[in-house]
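The first residue in the sequence is number 1, and the count goes up from there.
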Amino acid sequence: MHPYRIPSALIWFSVLYLASGTSSKEIVVDDADTQIVYIADGTLSSQWTTTIPSIKPEPIDATKVHAGSAHTGHGAAKASFEFTGVGIDVYFVLLNLTNLFSLPTFSIDGAMQPDRVKQAFLDGNGEEIVYNAPVFSKSDLSNGTHLLEIAGSVNADGGNASFFILDYIKYTQLEASSQNNRALIIGISAGACFGSIAIAMFTAVTSLIAPPWTLILIIGDGLQNQLL
């Protein structure tokens, strides 16, 4: 009775099938990667060092550090990383010395973001050194290019300066196929919507002009005349 509903149902089935193919991948960027930009003036109040610091009484185990390397930020040292994706995580070698040093801040595209340093300590179950500590996480970003910034600080009143050890960064990127699927899904959905509207409007108009059985007779007579 309503033949236009069948193709719409098939279209929406195709949309659901394509949506299930969405996938993503995680990319790990080590601290030594040149994609990370380190900024410091080289003074004691703002510097980066690439040797794993010697900590007492428990030294850092280099075999537990990602790729065996780390960047240690002192004072107002800063780091930035530009990436294309939908989420990002930052991992530190986290020392249980937060009462002696202030923590750096994290921002995405210029907007300050909350960290999860305290939670990382809790996840470390009281260890003096927590390896692979996820100190920052952001997962609700729009699919595009973003800028992560990590900034240490030096208090003007002579308080605690920042001291932190960057191990690696991990960000989530959509696969190219899933981006194409999203565009195709939007296109099919829009086509289904406009197609249904057009057919519904045609049906409404023709129902005002003549009853359905009259329309069938008119079409039938036209086809018969063409055949003759």
Side-chain angles (χ1 to χ4, degrees), residues 22-42 46-53 55 60-98 101-125 127-154 161-176 178-179:
T22 301
S23 60
S24 62
K25 62 180 179 180
E26 292 184 336
I27 301 173
V28 176
V29 181
D30 186 62
D31 71 286
D33 197 303
T34 55
Q35 295 180 83
I36 303 175
V37 178
Y38 295 97
I39 304 169
D41 61 17
S46 176
Q47 65 174 316
W48 284 100
T49 55
T50 56
T51 55
I52 296 177
I55 304 296
I60 295 175
D61 186 349
T63 63
K64 295 182 179 180
V65 178
H66 184 268
S69 67
H71 269 68
T72 303
H74 305 261
K78 298 179 180 179
S80 64
F81 174 65
E82 187 175 82
F83 66 100
T84 299
V86 294
I88 191 165
D89 300 280
V90 178
Y91 294 82
F92 280 4
V93 175
L94 197 57
L95 309 178
N96 193 10
L97 299 172
T98 54
F101 303 99
S102 62
L103 297 171
T105 58
F106 301 86
S107 65
I108 296 289
D109 301 331
M112 296 289 292
Q113 304 291 328
D115 63 62
R116 61 181 313 278
V117 174
K118 291 183 179 180
Q119 184 59 49
F121 271 125
L122 292 175
D123 295 341
N125 297 317
E127 295 290 334
E128 289 297 317
I129 303 174
V130 181
Y131 299 93
N132 302 302
V135 295
F136 175 76
S137 181
K138 186 72 174 177
S139 60
D140 56 352
L141 297 172
S142 60
N143 184 28
T145 301
H146 302 279
L147 180 66
L148 165 73
E149 292 178 292
I150 306 171
S153 63
V154 176
S162 293
F163 179 84
F164 53 99
I165 305 173
L166 174 61
D167 195 3
Y168 62 97
I169 296 170
K170 181 171 65 179
Y171 66 99
T172 304
Q173 191 174 70
L174 290 181
E175 295 281 9
S178 52
Q179 293 184 44

Non-neighbouring partners of S46 that pass side chain to side chain donor-acceptor pair (under 3.5 Å), sequence neighbours left out: none
Quick note, salt bridge (Lys or Arg N to Asp or Glu O under 4.0 Å) partners involving residues 139-153, not counting sequence neighbours, are K138-D140
Which residues satisfy the ring-ring contact (aromatic ring centres under 6.0 Å, His included) test with Y38, sequence neighbours excluded? W48, H71
Using modelled atom types only, decide if a donor and an acceptor are shared between the side chain of Q113 and the backbone of A111 within a distance under 3.5 Å. yes
Residues in side-chain contact (heavy atoms from CB on, under 4.5 Å) contact with T72, at least two apart in sequence or another chain: T49, P53, H74, F163, I165
In Å and rounded to the nearest 0.5 Å, what is the OG to NZ distance from S162 to K78? 11.0 Å
Atom CD1 in I88, atom CG in L141: separation rounded to 0.5 Å? 8.0 Å
Determine all donor-acceptor pairs shorter than 3.5 Å in which one atom belongs to a side chain in residues 79-86; sequence neighbours excluded.
residue, atom, partner, partner atom, Å
T84, OG1, T145, OG1, 3.1

Output, in order, the C-alpha distance, side-chain angles, deciding distance and verdict of side-chain contact (heavy atoms from CB on, under 4.5 Å) for L147 and I108. CA-CA 6 Å; L147 180 66; I108 296 289; over 6 Å; no
Test of understanding: with side chain to side chain donor-acceptor pair (under 3.5 Å), list the residues that count as partners of D61, not counting sequence neighbours. T63
By side chain to side chain donor-acceptor pair (under 3.5 Å), Q119 pairs with (sequence neighbours left out) D123
Which atoms form the tightest heavy-atom contact between V130 and A120, and what is the distance? CG1-O, 4.1 Å
Given side chains that start at C-beta, do those of F92 and P104 come closer than 4.5 Å, heavy atoms only? yes
I'd like to know if the side chain of R116 and the backbone of P134 have a donor-acceptor N/O pair within less than 3.5 Å. yes
Hey, mind stepping through D89 and I169 against side-chain contact (heavy atoms from CB on, under 4.5 Å) and telling me if it holds? CA-CA 6 Å; D89 300 280; I169 296 170; over 6 Å; no
For Y91, give me all partners under ring-ring contact (aromatic ring centres under 6.0 Å, His included), at least two apart in sequence or on another chain. Y168
Find the distance between CG (L95) and CD1 (I129) and round it off to the nearest 0.5 Å. 6.0 Å
Value for CD (Q47) from CD1 (I39), rounded to nearest 0.5 Å, stands at 15.5 Å
As an exercise, state the distance from CD1 of I150 to OG1 of T105, rounded to the nearest 0.5 Å. 9.0 Å
Looking at Y171, F106, F164, which one forms a ring-ring contact (aromatic ring centres under 6.0 Å, His included) with F136? F106
Going by atom types only, do H66 and D167 share a side-chain donor-acceptor pair under 3.5 Å? no
Can you sort out the partners of Q35 under side chain to side chain donor-acceptor pair (under 3.5 Å), two or more places apart, ordered by chain and number? D33
Please evaluate residues T172 and S24 with respect to the criterion side chain to side chain donor-acceptor pair (under 3.5 Å), reporting the C-alpha separation (whole Å), side-chain torsions for both, the decisive distance (0.1 Å), and the verdict. CA-CA 7 Å; T172 304; S24 62; 5.9 Å; no
With sequence neighbours left out, the residues meeting salt bridge (charged side-chain N to carboxylate O under 4.0 Å, His left out) with K170 are E26
Pairing residues for A32 by the side-chain contact (heavy atoms from CB on, under 4.5 Å) criterion, not counting sequence neighbours: D30, S69
